[in-house]
Amino acid sequence: NATEAQHDEL
Amino acid sequence: MNLFRLLGDLSHLASIFILLHKIQTTRSCRGISFKTQALYVTVFVARYLDLFYRYVSLYNSVMKLFFIASSVYILYLMKYKYRPTNDPSIDTFRIEYLLGPCVLLSLIFNYKFSVTEVLWSFSIFLESVAILPQLFMLQRTGEAETITTHYLAALGVYRALYIPNWIYRYITEDGVVDPIAVTAGLVQTGLYIDFFYVYFTKVLQGQKFELPA
């Protein structure tokens, strides 16, 4: 999903 | 993980090592904004709370721990070890003007109205403007030690590299885009444009970083 917060970036 | 993001993260790491090197070798934190450094601690703590409940990768966890630890250590160096070299009278940017809007923005723009998601958004918005007290101080004093400009350049490169990273991810990960991170990231990178102009035209030509009077 485009806006799903994955937060895999730092 | 792609090359842009890896190089961006390495540039971020490098910036911290450059800053530590500057403080240790000159035995001084002159020219460094305590407010900006304190904002970075706030950013990292707010964003990396997910260390407690989400595992992404060993790389991800190690980097998060390093960013929290090193930013706290830098505050310690500025506040205690090299306190006499820290001059608050030129570090005058009013950070409440940054914190207030960032709190407001994170309450409006977030992916879920939960404590951790709002804190994540807050950290993204705050990071985008956290460099302002430092740039303001630079503007005020009109000059900077070369090593300090290398620190800022590495930070700016880190942000700039995240942009091709997002484009690459958009293409390779079937249209994935993080609108909050991208918007704030573009703003953040934009803040470095003036600095980069002087850095490339002066510092990299071997001249001192000096702003026109």
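Each chain gets a letter, A, B and so on, in the order the sequences are listed, and its residues count up from 1.
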> Judged by modelled atom types alone, do D194(B) and Q139(B) share a side-chain donor-acceptor pair under 3.5 Å?
no
> Please look at Y55(B) and chain A and tell me whether the side chain, the backbone, both or neither of the residue comes under 4.5 angstrom of a heavy atom of that chain.
neither
> Examine whether an atom of N60(B) lies under 4.5 Å from a heavy atom of chain A, and if so say whether it belongs to the side chain, the backbone or both; otherwise answer neither.
both
> For the residue pair F66(B) and F17(B), is the inter-centroid distance of their aromatic rings smaller than 6.0 Å?
yes
> For the ring-ring contact (aromatic ring centres under 6.0 Å, His included) test, which of F200(B), F196(B), F195(B) pairs with F209(B)?
F195(B)
> For the pair F67(B) and H12(B), name the ring-plane relationship: parallel under 30°, tilted 30 to 60°, perpendicular over 60°.
parallel
> Check the angle between the aromatic planes of Y40(B) and F44(B) and answer parallel, tilted or perpendicular using the 30° and 60° thresholds.
parallel
> What part of N110(B) gets within 4.5 angstrom of chain A, counting heavy atoms only: side chain, backbone, both, or neither?
neither
> Select, from M63(B), R5(B), M1(B), the one with the greatest count of heavy-atom pairs under 4.5 Å involving chain A.
R5(B)
> For Y48(B), is it the side chain, the backbone, both, or neither that has a heavy atom closer than 4.5 Å to a heavy atom of chain A?
side chain
